[in-house]
Amino acid sequence: MAQAAIQASTSGTQPTANGHSVNGSSSSSDVSSERVQVINDEKEFSPDLSKQIEKWGLQSAGFDYDIVAVFGSQSTGKSTLLNRLFGTNFDVMDETRRQQTTKGIWMCKGKGMNVLVMDVEGTDGRERGEDQDFERKSALFSLASSEVLIVNLWEHQVGLYQGANMGLLKTVFEVNLGLFGKKNPDGRNQRTMLLFVIRDHIGTTPLANLQATLTADMNKIWETLSKPAELKDRQLSDYFDLSFAALPHKILAADKFESEIQELRKRFVDKSREDYVFKPAYHKRIPADGVAFYMEGIWEQVQTNKDLDLPTQRELLAQFRCDEISSAALQEFNEQAKPQRRPIESGKVVEGLGKMMSAWRSQALERYDRDASRYHQGVYKRKRVDLVGVLDSTLSPLFFGQLKNLHKSCLVAYKKEMIDGMRGEGYNFAEVVAAARERLEKRFLEGAQEAVVEGTDWSYEEELGLLREEARIVADQCRKDETKKMVNVIERNFKKQISEPVEVYLNQPSPDMWDKVLKVFRDTLDKAEAAYLAKAKSFDCTEEENATALAILRKRAWLALRAKIDEQTSDAAFLSKLRNFFEERFRYDENGTPRVWKPEDDIDGAFRKAKEQTLELIPLYWKIKPLDPSLEFTLPSETSDPLTSTEEFDFPATLVIFSETKSLDLTNRFRKDADAYFVEAKRSTVSSVAQIPYWMYGVLVVLGWNEAMVVLFNPLYFAMLLLLLASAWIIVQLGMVGPVFQIFRTLGGEVHRQVESRLREHFQQPHLAQPVRASSHTPKISVEGVERKRRDLKTEPM
């Protein structure tokens with residue numbers, strides 16, 4: 001049989017499970033694609049392995065080669081995985097037939113790399129049935145001879161005991177530890193990497209979680225091994241390094257499968273990567289020309305080991321029947337549990353879930369105990385433990401899902417109760433929080449205790465701790481929000497209270513102006529702080545939180561005061577204050593009476609005095625500095641309020657109202673305004689001096705005496721004079737002087753335009769050849785006149 005396998009490999013063909021040959025390579029000259037059956041299905045080692053290694057060109061490679069093998073259940077795509085990773089040409093399964101493809105152990109050289117790749121017959125195949133002898137021996141052989149053992153399994157097999165071949169691995173680990181567990185001559189343990197490749201990974205369960213599950217299972221298996229006395233303290237990590245990779249579905253996500261498998265391939269070829277798998281620690285330190293002899297020796301040790309033999313017939317019968325009974329109980333159990341998975345996954349809290357799970361579990365165990373307890377007690381108890389583990393692993397997601405859903409629903413109700421309790425006025429925050437938290441824990445404990453199944457080690461303490469922590473975070477956030485609202489309300493009231501007094505004091509400049517402002521500020525701030533502390537008692541705030549809130553309140557109060565001061569000392573407002581102050585001293589006397597300037601008045605002196613008094617105000621306003629040192633207000637520079645600014649707060653800078661540059665600018669601008677008032681006063685004295693001399697009125701009377709007598713002694717002229725005077729008096733009394741003047745101006749303008757138009761028509765040369773065009777000018781003139789008249793009427797006063 002072995003000789004036939006070697007002949008098939010050298011000719012480029014390989015016998016398949018049905019006895020037919022399949023082309024193994026495109027050309028017989030392609031030596032690297034040739035395969036050799038290292039161990040056939042009759043458990044015979046190939047005598048021609050050394051020759052094939054020489055054909056591959058590895059006879060003189062020394063230590064410059066690596067060995068990798070694959071292990072896993074039948075029909076899980078092991079051969080396909082090796083072909084994609086190493087460019088080999090192992091036979092792959094026909095999807096339409098779902099039968100065994102690889103029999104025994106086959107080896108091929110990786111394409112373009114010095115890697116010997118072993119394709120191991122799959123476990124749990126229907127062709128061998130209950131014959132587990134070859135499975136155990138081939139698994140132990142591949143583990144002992146390879147540097148990297150690829151454990152190929154489906155995602156849904158993770159967490160299963162038999163599905164993931166955990167039972168087989170336990171036996172293999174135990175025998176491997178006894179046969180090959182001793183240290184090498186150089187004093188180091190023989191190490192092997194176990195690379196778990198999780199197939200058809202859809203992403204619902206993160207790879208990290210699957211990795212944690214497999215790691216825990218491996219450590220659990222190792223702890224249960226029957227170790228030799230001298231190796232009882234050895235750990236799994238002393239002999240094996242665990243690594244993990246996930247591949248998507250080969251058919252449903254073909255593109256992603258190809259990209260991920262190419263990424264996985266880099267771990268076998270790129271030595272610069274940190275996750276490079278062929279590390280020196282895993283190499284067996286056997287020269288390439290001795291690999292065949294080394295593997296043959298390992299197979300002989302495996303073959304002669306009695307620990308790998310099949311159990312007795314009685315135990316075998318018990319295993320078969322217990323598995324059958326357990327499967328039937330599990331099937332009924334899964335049918336009962338399946339309807340409740342969807343509600344749990346959708347986030348609902350299922351009422352009475354714990355009672356239902358206890359009933360399902362009890363029924364499954366009762367059925368198993370009733371039918372399986374008659375068989376071999378050791379097998380019965382071992383299988384019962386396995387059944388309990390499967391039942392609990394199925395129910396635990398429901399339990400923890402119920403806890404999470406209960407956690408969420410309780411937290412939502414807690415938040416609602418908090419919000420409802422804080423509506424309105426006069427509530428006590430600490431009492432609202434305490435009552436809501438008590439109801440929260442009561443609801444959660446009732447639901448969690450109901451969901452616990454007796455006989456399990458499930459606990460809800462961790463979830464309860466998380467719930468308490470989140471409840472505390474929610475309460476702290478609510479307290480912070482309410483504190484912010486309260487500070488905002490106090491701040492608004494503070495602004496209203498200081499607005500009017502500050503405006504009054506700043507409009508009445510005096511040396512003690514800042515004393516008055518700061519006194520009002522301090523009194524109002526004391527009231528605001530007292531209001532906060534009175535309200536904060538019900539919030540159960542800590543001393544540190546109160547100190548922080550008061551610091552923020554003081555800062556906001558100071559900024560509110562400064563904003564009001566800035567409003568009153570803006571350029572326009574401050575110049576208006578200076579002008580008003582100047583006018584009161586320049587245009588009014590000491591009694592507040594407006595001054596009428598006369599040529600003999602000392603305008604220059606009054607102007608100079610008023611201007612100097614006014615300019616003295618600028619130093620008074622430029623900085624907030626009270627006369628009484630006890631009224632000075634300070635804030636630490638590190639006071640921070642994230643709601644107002646993210647920049648560092650510089651309190652000393654806020655005391656300065658005007659910079660030196662700003663003061664000079666205001667002084668210059670005021671001087672220009674004051675100069676305008678001075679010029680106006682000077683002009684008023686000039687206009688009073690430039691009046692008509694009184695003697696001119698006498699000359700006018702002498703020269704116009706005769707004309708006046710003619711008007712007075714002529715009845716017609718005298719009557720017309722009286723009529724004009726009476727009309728003028730009536731127009732003045734009725735306030736129609738403006739409209740009358742406008743009418744006369746409009747009439748005069750219209751007469752002027754009509755005369756001008758007539759004169760133009762009179763002196764214009766006639767156009768006899770174009771009578772029609774001449775006649776068309778008339779409406780144009782009239783339209784222009786109407787438009788002008790309309791514009792004049794718009795300008796008449798109403």
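Here the structure is a predicted model, which means the values were calculated and not measured.
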Sorted by chain and residue number, the ring pair (Phe, Tyr, Trp, His ring centres under 6.0 Å) partners of Phe257 (sequence neighbours excluded) come out as none
So, for Leu440 and Ala471, which heavy atoms are closest and what is the spacing to 0.1 Å?
CD2-CB, 3.5 Å
Would you say Tyr282 and Asp66 are linked by a side-chain donor-acceptor pair, where the criterion is simply a distance under 3.5 Å?
no
Find out whether Arg437 and Val433 are in side-chain contact, i.e. whether some heavy atom of one side chain is under 4.5 Å from a heavy atom of the other.
yes
Look only at the side chain of Asn209 and the backbone of Thr205, and say whether a donor-acceptor pair between them is shorter than 3.5 Å.
no
Is any side-chain heavy atom of Leu391 closer than 4.5 Å to a side-chain heavy atom of Leu330?
yes
Give a yes or no answer on whether the side chain of Ser326 reaches the backbone of Asp323 with a donor-acceptor pair at less than 3.5 Å.
no
Sequence neighbours left out, what passes salt bridge (charged side-chain N to carboxylate O under 4.0 Å, His left out) with Lys266? Give chain and number order.
Glu263
Determine all donor-acceptor pairs shorter than 3.5 Å in which one atom belongs to a side chain in residues 363-370; sequence neighbours excluded.
from   : atom 1 : to     : atom 2 : distance (Å)
Gln363 : OE1    : Gln336 : NE2    : 2.9
Arg367 : NH1    : Glu332 : OE1    : 2.6
Tyr368 : OH     : Tyr380 : O      : 2.9
Tyr368 : OH     : Arg384 : N      : 3.4
Asp369 : OD1    : Tyr380 : OH     : 3.0
Asp369 : OD1    : Arg384 : NE     : 2.7
Asp369 : OD2    : Arg384 : NE     : 3.4
Asp369 : OD2    : Arg384 : NH2    : 3.0

So for atom CG, which belongs to Asp270, do other residues, nucleotides or ligands contribute more than 12 heavy atoms lying within a distance under 6.0 Å?
yes
Would Thr456 and Arg361 count as a side-chain hydrogen bond (donor to acceptor under 3.5 Å, both in side chains) here? Give the steps.
CA-CA 11 Å; Thr456 62; Arg361 186 175 185 271; over 6 Å; no
Qualifying residues under side chain to side chain contact (heavy atoms under 4.5 Å, CB included), relative to Asp200, sequence neighbours excluded:
Trp154, His249
Lys404: which residues meet the salt bridge (charged side-chain N to carboxylate O under 4.0 Å, His left out) condition with it, sequence neighbours left out?
none
Taking atom types as modelled, is there a side-chain donor on Glu470 or His407 under 3.5 Å from an acceptor on the other?
yes
Restricting to side chain to side chain contact (heavy atoms under 4.5 Å, CB included), what partner residues turn up for Glu469, sequence neighbours left out?
Arg472, Ile473
Could you note down all residue pairs passing salt bridge (Lys or Arg N to Asp or Glu O under 4.0 Å) where residues 442-463 supplies at least one of them, sequence neighbours left out?
Glu417-Arg443
Is there a side-chain contact between Lys256 and Pro248 (heavy atoms, below 4.5 Å)?
yes
CG of Leu398 to CD of Gln402, rounded to nearest 0.5 Å, is 8.5 Å
Less than 4.5 Å apart, side chain to side chain, heavy atoms only: is that true for Met356 and Gln340?
yes
Excluding sequence neighbours, so at least two apart, what forms side chain to side chain contact (heavy atoms under 4.5 Å, CB included) with Leu207?
Ile198, Ala246
Taking Val68's backbone N and O only, do any of them form a donor-acceptor pair with Glu147's side chain (distance below 3.5 Å, no angle check)?
no
Non-hydrogen side-chain atoms of Leu242 and Leu236 separated by less than 4.5 Å
yes
Which residue pairs pass the salt bridge (Lys or Arg N to Asp or Glu O under 4.0 Å) test when at least one of the two sits in residues 334-356, sequence neighbours left out?
none
Sorted by chain and number, sequence neighbours left out, ring pair (Phe, Tyr, Trp, His ring centres under 6.0 Å) with Phe399 holds for Trp458
Side-chain donor-acceptor contact under 3.5 Å, Tyr239 with Arg234
yes
For side-chain contact (heavy atoms from CB on, under 4.5 Å), just list the numbers for Trp299 and Lys137, CA-CA rounded to whole Å, side-chain angles, deciding distance to a tenth of an Å, and then say yes or no.
CA-CA 8 Å; Trp299 182 247; Lys137 291 181 178 180; 4.0 Å; yes
Counting C-beta onward and ignoring hydrogens, is there a side-chain heavy-atom pair between Met107 and Met295 closer than 4.5 Å?
yes
One should read off an interatomic distance between Asn219 CG and Ser237 OG, to the nearest 0.5 angstrom, of 8.0 Å
Judged by atom type as modelled, is there a donor-acceptor pair below 3.5 Å linking the side chain of Asn40 to the main-chain atoms of Glu44?
yes
Under a 4.0 Å threshold between the charged nitrogen and the carboxylate oxygen, would Asp119 count as salt-bridged to Lys78?
no
Using the test side chain to side chain contact (heavy atoms under 4.5 Å, CB included), find all partners of Thr192 that sit at least two apart in sequence or belong to another chain.
Leu143, Phe240, Lys284
Looking at residues at least two apart in the chain, or sitting in another chain, which of them share a ring pair (Phe, Tyr, Trp, His ring centres under 6.0 Å) with Phe268?
Phe86, Phe278
Less than 4.5 Å apart, any side-chain heavy atom of Leu247 and any of Leu81?
yes
Beyond-backbone contact of Phe244 with Leu210, side-chain heavy atoms, under 4.5 angstrom
no
